[in-house]
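Quick note: residue numbers are just sequence positions, from 1. Quick note: numbers below take in every heavy atom, side chains included, and nothing from hydrogens, waters or symmetry partners.
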Amino acid sequence: MMSMRFVQRSRAGRLGLHVALWALVLGTASLVSGCGGAGPGQEDLRTGDFLSAKVTRYEYSLDLRPANAPARTAHSLLLLDVPPPGGDCHVLKGPAGLTDVKWNNVPATRFETLEDGAVRICGAAIFAGQVRLEADFVVPEQTYDFTQVGFSRKQDRWGNSFSYLLGWVQQCDRLGLCDDAPDQLAHFVFNVRHDAGQVVLCPGRRDTPNTTTTHCELVGAQAPTYSSFGIAANPAWTQSLSLDINGTRLQFFEVPGGRIAATLDQNVLRDYVGWIQGLLGPLPYGTRLRIAGGPTEWLGLEHPANILLREDLPTLRGEYADMTRHTLMHEIVHQWAGNRTTLADAYDFAWKEAIAEYLTYIYELRHWSSDAAQTRAYWDRMARTSYLYPRPLDAPQPYLSFASEVYGTGPMLLFLQLEDMLPGGQDTVIRAIQQFLLSPGARGTEFLRESLESAAALPPGTLGPYFDAWVLGNGEPDWPYFNVTTRVEDGQLTVTAVQLSFSGRAYPVHLKVRVAGATQTQDVSLDYGLAPTSATLSVTVPFPEPVVQVTVDPDSRVVNRRFLGTVREAAPKRWNF
């Protein structure tokens with residue numbers, strides 16, 4: 001597998017607050033050096049790296065001409081808001097080979113490569129205001145290990161050339177100058193030059209000024225770099241379906257012979273989009289959502305106002321009852337969960353996948369109970385065979401191995417298990433998700449815990465023991481195996497569950513056990529509570545006949561290891577999407 005670079009960054013407050021405070025202290029009419037007005041004198045200007053600066057806007061130009069070229073010329077333009085006391089250098093991520101590096105429209109006075117892929121760019125000192133950074137880069141036709149991260153060209157199933165530029169988590173610096181911190185949101189403008197006849201998709205509002213230019217803008221709602229750097233092209237794409245749903249337009253782009261749109265029930269799509277917008281609000285990136293099929297390695301990828309789906313989804317069978325429908329619904333949720341509201345840290349990745357999976361499951365549950373049961377069973381198999389906690393504390397490498405682990409553990413442990421433990425159950429969990437995604441910004445796993453407590457009207461910290469046991473941890477999870485025994489005496493059935501784990505801890509959980517006799521079946525609930533003191537729990541209920549079968553967790557609602565010790569259950573196939 002592969003390793004990824006991770007850099008923790010501290011962020012100061014907003015520029016406006018800093019500037020206003022310094023204006024009051026200094027009594028200056030203008031705080032921006034070289035931009036007019038009476039700024040601080042040269043003796044007041046600080047030298048060195050900016051203590052805090054935020055990229056507020058990216059303008060990325062990519063030249064795809066000719067279609068068969070082995071490399072692509074790209075130009076990055078970044079606008080930074082700089083708070084006092086400013087400086088004359090800024091450190092960002094960037095690939096080796098940057099050229100024509102500029103600071104406020106003139107060549108940088110200093111440009112150097114630092115450790116861990118960072119670069120330092122220096123120019124005329126500024127106290128506060130805006131700095132414009134630019135650099136050129138020749139993007140190679142090269143992807144990162146076993147992914148499509150980078151720039152690639154592949155033949156689709158019908159022999160057409162599919163081009164894809166993809167950033168992903170903390171990887172945008174492979175494509176040019178970029179702040180790759182996942183907690184940063186910005187505006188984006190994309191300008192793509194291409195051969196006549198190419199159909200190019202990029203994030204945001206899209207237009208084609210002429211036959212060889214595609215222009216996209218994300219200038220309303222902000223978005224993170226990890227999903228915004230996504231440009232795809234295929235000369236054979238046509239619009240296979242356009243659906244107007246109460247002012248929201250879904251546009252499908254496929255090559256002749258593509259089956260994604262044809263596989264989907266239009267009435268279901270209309271209902272789902274109305275339902276999810278009722279929960280989370282209007283689509284964050286405009287009223288048009290473009291959905292395209294291509295030879296992607298992952299089932300789907302979310303980009304603001306764009307979704308790329310694997311072209312053979314309609315032929316895949318097994319993990320979800322309807323792979324195409326489930327994947328598309330999951331990716332639509334990411335417009336809010338992951339894009340408008342982004343990750344506080346790369347290792348908070350689980351919450352965005354958990355929300356996308358859980359809300360997709362909720363819709364399945366309300367319309368196709370057997371499909372929802374299949375989704376739960378798949379989550380359960382993934383979760384109980386996981387090698388990592390949903391929010392690992394030890395920053396496991398390689399990162400992609402962690403990312404592929406969260407699709408079962410995330411929805412199971414952050415939401416499904418809690419349905420039976422929180423006042424209000426499922427409604428409370430959904431309300432917590434709404435609260436969590438209410439406004440744009442970066443969110444961590446701790447914020448999700450607080451949202452769940454608030455929605456359930458629980459005192460702050462109540463879910464601390466649950467998160468400490470199930471969600472946060474180092475290394476391989478020490479989740480329990482449930483040893484369940486039964487005893488019938490005088491028409492009374494006693495069910496005893498013992499949690500077995502290497503730590504011996506008592507896990508907060510609500511466990512269902514289904515017991516069957518010759519003529520009747522009964523479900524017995526064993527609720528350990530949110531702060532259990534014992535790993536053993538017994539419940540006695542009326543049951544007038546001998547027990548012939550016991551099923552632990554019959555509905556796949558808790559993580560129950562099948563074995564304790566060195567024997568491991570075989571893991572199911574894991575997808576990234």
Ignoring hydrogens and angles, write down the donor-acceptor pairs under 3.5 Å from the side chains of residues 279-288, residues two or more places apart or on other chains.
residue, atom, partner, partner atom, Å
Y285, OH, Q222, O, 2.8
Y285, OH, N339, O, 3.4
Y285, OH, R340, N, 3.1

For this session: Apply the test side chain to side chain contact (heavy atoms under 4.5 Å, CB included) to residues T225 and D179: give CA-CA distance (whole Å), side-chain angles for both, the deciding distance (0.1 Å), then the verdict.
Result: CA-CA 8 Å; T225 57; D179 184 343; 5.6 Å; no
List the atom of [X], the atom of [Y], and the distance in Å for their closest heavy-atom pair.
X: P411; Y: A354; value: N-CB, 3.5 Å
X: E569; Y: R562; value: OE1-CG, 3.2 Å
X: A53; Y: L80; value: CB-CD2, 4.0 Å
X: P532; Y: L530; value: CD-C, 3.6 Å
X: I245; Y: L250; value: CD1-CD1, 4.2 Å
X: L511; Y: V552; value: CD1-CG1, 3.9 Å

Counting C-beta onward and ignoring hydrogens, is there a side-chain heavy-atom pair between [X] and [Y] closer than 4.5 Å?
X: Q335; Y: I307; answer: yes
X: R381; Y: T385; answer: no
X: Y358; Y: Q426; answer: yes
X: Q277; Y: W336; answer: yes
X: H510; Y: Y528; answer: no
X: P304; Y: S228; answer: yes
X: W237; Y: L201; answer: yes
X: F252; Y: L269; answer: yes

For this session: Not counting sequence neighbours, list each pair that qualifies as a ring-ring contact (aromatic ring centres under 6.0 Å, His included) and has a residue in residues 443-462.
Result: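 Sorted pair list: F436-F447.
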Check: [Y] main-chain N/O paired with [X] side-chain donor or acceptor under 3.5 Å:
X: W479; Y: Y507; result: no
X: D348; Y: D345; result: yes
X: T428; Y: P423; result: yes
X: R561; Y: R384; result: yes
X: E254; Y: I260; result: yes
X: K93; Y: Q171; result: no
X: Q374; Y: G318; result: yes
X: T296; Y: R310; result: yes
X: D478; Y: F502; result: yes
X: S454; Y: E450; result: no

For this session: Quickly, which of Y347, W351, W470, F349 forms a side-chain contact (heavy atoms from CB on, under 4.5 Å) with R391? Name it, please.
Result: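 Option passing the side-chain contact (heavy atoms from CB on, under 4.5 Å) with R391: Y347.
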Can you pull the salt bridge (Lys or Arg N to Asp or Glu O under 4.0 Å) pairs that have at least one residue in [range], sequence neighbours excluded?
range: residues 454-474; result: none
range: residues 360-374; result: R325-D371
range: residues 399-423; result: E405-R574, E419-R557, D420-R557

If you round to the nearest 0.5 Å, how far is [atom2] of [Y] from [atom1] of [X]?
X: E353; Y: L414; atom1: CD; atom2: CG; answer: 11.5 Å
X: C202; Y: F229; atom1: SG; atom2: CZ; answer: 12.0 Å
X: L165; Y: I231; atom1: CG; atom2: CD1; answer: 5.0 Å
X: L166; Y: L308; atom1: CG; atom2: CG; answer: 8.5 Å
X: S386; Y: M412; atom1: OG; atom2: CE; answer: 11.5 Å
X: R270; Y: Q266; atom1: CZ; atom2: CD; answer: 6.0 Å

Identify, with sequence neighbours excluded, every residue that meets ring-ring contact (aromatic ring centres under 6.0 Å, His included) alongside [X].
X: Y226; answer: none
X: W575; answer: none
X: Y363; answer: Y272, W275, H367, W368
X: H326; answer: Y320

For this session: Under the ring-ring contact (aromatic ring centres under 6.0 Å, His included) rule, what do Y407 and Y378 come out as? Steps first, then yes or no, please.
Result: CA-CA 9 Å; Y407 292 84; Y378 180 45; 9.2 Å; no
For this session: Verify side chain to side chain contact (heavy atoms under 4.5 Å, CB included) between V55 and Q184, making sure each step is shown before the conclusion.
Result: CA-CA 8 Å; V55 180; Q184 295 302 291; over 6 Å; no
Under 3.5 Å, which donor-acceptor pairs do the side chains of residues 456-467 form with other protein atoms, sequence neighbours left out?
residue, atom, partner, partner atom, Å
T462, OG1, P459, O, 2.5
Y466, OH, L413, O, 2.7
Y466, OH, Q417, NE2, 3.0

Problem set entry | side chain to side chain contact (heavy atoms under 4.5 Å, CB included) assessment of C178 paired with Y58 | CA-CA 8 Å; C178 180; Y58 290 86; 3.9 Å; yes
Problem set entry | L78 vs L92, side chain to side chain contact (heavy atoms under 4.5 Å, CB included): CA-CA, chis, key distance, verdict | CA-CA 11 Å; L78 285 63; L92 283 168; 3.6 Å; yes
Problem set entry | D523: salt bridge (charged side-chain N to carboxylate O under 4.0 Å, His left out) partners, not counting sequence neighbours |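 Expected list: K512, R514.
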Problem set entry | For R57, salt bridge (charged side-chain N to carboxylate O under 4.0 Å, His left out) partners two or more places apart |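 Testing R57 for salt bridge (charged side-chain N to carboxylate O under 4.0 Å, His left out), a comparison that skips the adjacent residues, returns E59.
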Exercise. In terms of ring plane angle, is the pair H330 and F577 parallel, tilted or perpendicular, where the classes change at 30° and 60°?
Worked result: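 Rings of H330 and F577: tilted, as their planes differ by 30° to 60°.
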Exercise. Is the CG atom of N246 crowded by more than 12 outside heavy atoms at less than 6.0 Å?
Worked result: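 Atom CG in N246 is not packed in, count stays at 12 or less.
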Exercise. For residues E217 and H187, is any side-chain donor paired with an opposing acceptor at under 3.5 Å?
Worked result: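 Side-chain D/A pair, E217 to H187: absent.
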